[in-house]
Amino acid sequence: MSSLNLDDFTDLIERPDGGVRRDAEARRERQIVPPGALGRLDDLGEWLAAAQSAVPVRPVERPRVVLFAGDHGVAELGVSARPAGGAGELVREVLEGGRPVSVLARRLGVPVRIVDMALDCDPETLPEDVVRHRVRRGSGRIDVEDALTLEEAETAFRAGVAVADEEADSGTDLVVLGDVSVGGTTAAGVLVAALCGVDASVVTGRGGLAIDDLAWMRKCAAIRDALRRARPVLGDQLRLLAAVGGADLAAMTGFLLQSAVRKLPVVLDGVVTAACALVAQRIAFRAPDWWLAAHDSGEPGQAKALDRMALEPLLTHGVTVGEGAGGLLALPLVQAAAALAAELPEKPKESEKPEEPEEPVGPVGPEVSEAAAEQ
């Protein structure tokens, strides 16, 4: 029996400050650029002001990328273009600066934090600060067995909560959340299909490194089989994560909820983070008000999850690489929205307008010349 009471999050999570948002909207109406002329940047600036409870909005100066990592046993079925157990190698490439998220993070000056929850590799091969939250080595094959025990799911969930607290306490003012996994999109597809009540084929995508038709069919079958195991535990989100999620997905769910508790805005990257967000929404319905959807990756499961949460992606570039790369692409938009909301000058008030010049007294122009000629 789990000692974790997920219902507490419903009471702990408040919506971003509505009064502050109205103040931000009023300020926007007073600025020299007409409201609406900046498109969604207006909404972004007002959302951020409400999240910060500050008008004018403060700049986003200390963002961080947080990536939860894990290997999924379902990858043994050939549902991914990457080899089963290969997420550890991806993590090393991120750390060495060779992945897209590494390049973008360097360019934008954003630190990257990786949290190993269930990589299938020796912990000694990775830095201590990466592996210290690991719950187990790899997650179970969800088509035939649970990904985790209930105790492991709770441990992973609590680890995500702890990471969110660490980020909030360190002064991080916005998180780009992503995953580094092999088989993670299959687990995400199961969660989305289960929570949205749709068939496997509706949520089965091609993954970060696109798979061929045969692999897609294997992936669809794996999601179908895992769905049968997910439906009996739909009413208990922790059991759902234990049955068909994984340690990295459980941790991301805990991270998202605790970030909302701590009023820390989060930018969601791809289908895996969207699936975890959907689970978190089932736990606390106000939580999605603290999240932004960075981009539309083209994964059908992501589109289904975002639609269910009424989150509209900021970008549509078809970036499927994962690892927070799409989330980082959206970060400059958020920062631009904050700068425009804070720094655009306001229109002068009526009392401050320069006085109109008085009408000249007496004839002017040609009339003056004619009068002078008569004299």
Side-chain angles (χ1 to χ4, degrees), residues 6-64 66 160-161 163-177 253-268 273-274 276-278 280-294 306 308-314 327 330-347:
L6 297 181
D7 291 338
D8 289 344
F9 286 100
T10 302
D11 300 326
L12 291 171
I13 294 174
E14 303 173 357
R15 296 190 189 279
D17 196 319
V20 170
R21 177 149 196 165
R22 288 189 291 273
D23 291 343
E25 290 172 353
R27 173 183 168 83
R28 179 69 189 90
E29 290 173 358
R30 298 193 301 268
Q31 290 178 319
I32 59 170
V33 178
L38 296 173
R40 288 192 66 191
L41 292 179
D42 282 350
D43 291 335
L44 268 179
E46 292 157 9
W47 172 82
L48 198 55
Q52 295 177 351
S53 196
V55 177
V57 63
R58 296 188 298 271
V60 177
E61 294 182 327
R62 299 190 65 181
R64 185 187 290 266
V66 178
V161 170
V163 172
D165 282 333
E166 290 167 7
E167 292 303 325
D169 291 341
S170 69
T172 298
D173 53 13
L174 183 139
V175 169
V176 174
L177 181 65
T253 305
F255 180 91
L256 283 165
L257 288 166
Q258 188 64 10
S259 292
V261 171
R262 298 297 303 269
K263 301 183 177 181
L264 177 61
V266 177
V267 176
L268 306 176
T273 55
C276 296
L278 195 58
Q281 183 202 37
R282 279 293 186 99
I283 296 168
F285 66 94
R286 301 185 192 95
D289 290 350
W290 295 94
W291 310 329
L292 287 175
L306 295 182
R308 179 59 62 96
M309 294 183 288
L311 294 176
E312 184 180 354
L314 295 174
L331 177 61
L333 277 181
V334 180
Q335 293 174 317
L340 289 165
E343 298 174 26
L344 276 177
E346 297 183 15
K347 294 175 286 192

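Because the structure is predicted, anything quoted here is derived from the model rather than measured.
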Evaluate the side-chain proximity of [Y] to [X]: yes if any heavy-atom separation is below 4.5 Å, no if none is.
X	Y	answer
Thr172	Val66	no
Leu177	Trp291	no
Val261	Val161	no
Leu344	Leu38	yes
Leu48	Val334	yes
Pro63	Asp173	yes

What distance separates [X] [atom1] from [Y] [atom2], expressed to the nearest 0.5 Å?
X	Y	atom1	atom2	answer
Leu264	Trp290	CG	CH2	9.0 Å
Arg21	Asp43	CZ	CG	6.0 Å
Ile283	Thr10	CD1	OG1	8.5 Å
Asp23	Asp17	CG	CG	8.0 Å
Arg282	Met309	CZ	CE	12.0 Å
Leu314	Leu268	CG	CG	10.0 Å

Locate the shortest heavy-atom distance separating [X] from [Y]; write the atom from each residue and the value.
X	Y	result
Gln52	Arg58	OE1-N, 2.7 Å
Ala287	Leu257	CB-CD2, 4.2 Å
Ile32	Lys347	CA-CG, 3.8 Å
Leu306	Ala274	CD2-CB, 4.2 Å
Ala337	Leu41	CB-O, 3.5 Å
Ala49	Ala24	CB-CB, 3.8 Å

message: Arg28 vs Glu46, test: salt bridge (charged side-chain N to carboxylate O under 4.0 Å, His left out). Steps then yes/no.
response: CA-CA 8 Å; Arg28 179 69 189 90; Glu46 292 157 9; 5.5 Å; no
Derivation and outcome, side-chain contact (heavy atoms from CB on, under 4.5 Å), residues Asp169 and Arg262: CA-CA 9 Å; Asp169 291 341; Arg262 298 297 303 269; 2.7 Å; yes
message: Under the salt bridge (Lys or Arg N to Asp or Glu O under 4.0 Å) definition, can you give me all pairs with a residue in residues 6-15, not counting sequence neighbours?
response: Glu14-Lys263, Arg15-Asp289
query: Counting distance only, does the side-chain N/O of Arg27 pair as donor-acceptor with the main-chain N or O of Ala342 below 3.5 Å?
result: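 Yes: the side chain of Arg27 pairs with the backbone of Ala342.
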task: Taking Arg62 for its side chain and Ser170 for its backbone only, find out whether a donor-acceptor pair lies under 3.5 Å.
output: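 Here the side-chain-to-backbone pair exists.
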- request: Please test Leu292 against Leu44 for side-chain contact (heavy atoms from CB on, under 4.5 Å), starting from the C-alpha separation and ending with a verdict.
  value: CA-CA 9 Å; Leu292 287 175; Leu44 268 179; 3.6 Å; yes
- prompt: Who pairs with Pro59 by side-chain contact (heavy atoms from CB on, under 4.5 Å), at least two apart in sequence or on another chain?
  reply: Glu61
message: My understanding is that only residues two or more places apart in sequence, or in another chain, count here; which of them pass side-chain contact (heavy atoms from CB on, under 4.5 Å) with Ala164?
response: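 Partners of Ala164 under the side-chain contact (heavy atoms from CB on, under 4.5 Å) test: Phe255, Gln258, Ser259.
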task: Can you establish whether the number of heavy atoms outside Arg40 located under 6.0 Å from its atom CZ is more than 12?
output: yes
